[in-house]
Amino acid sequence: MANIKETDQEYVANTYARFPVLLERGKGSLVYDDAGKEYIDMGSGIGVTAFGIADDEWKAAVTAQLDSLQHMSNLYYTEPCALLARELCARTGFKKVFFGNSGAEANEGAIKVARKYAAEKKGPEWFTIITLWNSFHGRTLTTLAATGQEHYHELFQPLTPGFVHAHAGDLDEVKKLALENKAAAVMIECIQGEGGVLTMEPEFVKGVAEFCAAEDILLIVDEVQTGNGRTGALYAYMNYGIMPDVVSTAKGLGGGLPLGAVLIGEKAMNVLGPGDHGSTFGGNPVCCAGALSVLRRLDDAFLAEVRRKGDLVRAALGGAPGVENLSGMGLMIGIKTARPAGDVVAKCIENGVLCLTAKDKVRLLPALNIPEDVLMKAVEIIKAACAE
Ligand code: PLP
């Protein structure tokens, strides 16, 4: 550990405040450090390893693809890319998919779709994207501009212009700012993940969707963290009975390999043409083969299990000593703790559980297939850490 920690600190850009743990291997929801200590993984790489570490089915899909074709340029057709796009559309009703490599890149793509759609339909002055205060949409200069948290902006001016923030829950403000600023799109997370696992009210989400439809302003839902079964629905917007015009997704979709996607609905399906957008690694066959195996397993029965396991966690932690409240949906869970969240997480690491924070909360994003007994063992350790 000492060696690797020093090497990392000497050579890796100092952008992450790492915990003093060196993880070497894992299986499912269990991971092991260099001393062989076992941890229950309640963070799944921030919602990425949807089926845990080294899942057999995912690994089989990925390795079979590795054996035949690991990469080809987007100048040619490849099967996993086409089949994954078809599966995503069949499961959602979207019409076209653009593939990239990350959440930020998916949001960049979504924003480009909205700007081109609005420019062609209404004129080039319709470029503003309305996003919400406290949102998180990524780290590129454009997705930082979209992110409604000013402390991320300070050191990197000037950011991409054309982003205006409204308060979550304030439908009148969204409408006013969208019309005043000639908005191309409104972009929201149904649950603000990095913002503290804050769930949007159904009336607000529905109201935004109805307003966008009436004004022909695109509704983009950022499902980077909430998507791919995380909330117990395939995508979180499905919990709200709305149909966005564009969805961005990443994280869990690839199951542990970098993959992002922009799902484009009927209105904007023909907006992107040859040369309008691209990505060297976008639609990479290995990533897409893994994602296809992930998506095919997220059926109704599996999603019901995600909701049931989320309910078990909520029942165990609700009202427990040191737990002030719970938020989120399915297996995306925020815990407002009486003690500082960082202290709870540190205690959990000591006792063999890896969990995350989000603002002032402890955040749980376990693998969606975490076995119930492992999940509840972790919950007991978290509960004890909250109670201290
Ligand atoms: N959007 C949301 C809602 C996110 O939670 C994140 C990452 O946490 C991103 C976008 C950025 O994703 P990435 O880090 O893959 O670029």
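Both ligands and their constituent atoms are indexed starting at 1 by order of listing. Just so you know, these numbers come straight off a predicted model, no measurement behind them.
Pairs passing the side chain to side chain donor-acceptor pair (under 3.5 Å) check and including a residue from residues 176-191, sequence neighbours excluded, read K176-E180. Among residue pairs with one or both ends in residues 268-293, those qualifying as salt bridge (Lys or Arg N to Asp or Glu O under 4.0 Å) are K116-D276; sequence neighbours excluded.
Checking each of D245, V113, V246, L219 against K267 for a side chain to side chain contact (heavy atoms under 4.5 Å, CB included) leaves exactly one that passes, namely D245.
Protein residues with a heavy atom closer than 4.0 Å to ligand 1 are S102, G103, A104, N107, F136, H137, G138, E189, E194, D222, V224, Q225, K251, listed by chain and number.
The closest side-chain donor-acceptor pair between H137 and T147, if any, does not fall under 3.5 angstrom.
Atom NZ of K96 has 12 or fewer neighbouring heavy atoms from other residues, nucleotides or ligands inside a 6.0 Å radius.
Through direct or relayed side-chain contacts under 4.5 Å between Ile, Leu, Val, Met, Phe, Trp and Tyr, M72 connects to L69, L75, Y76.
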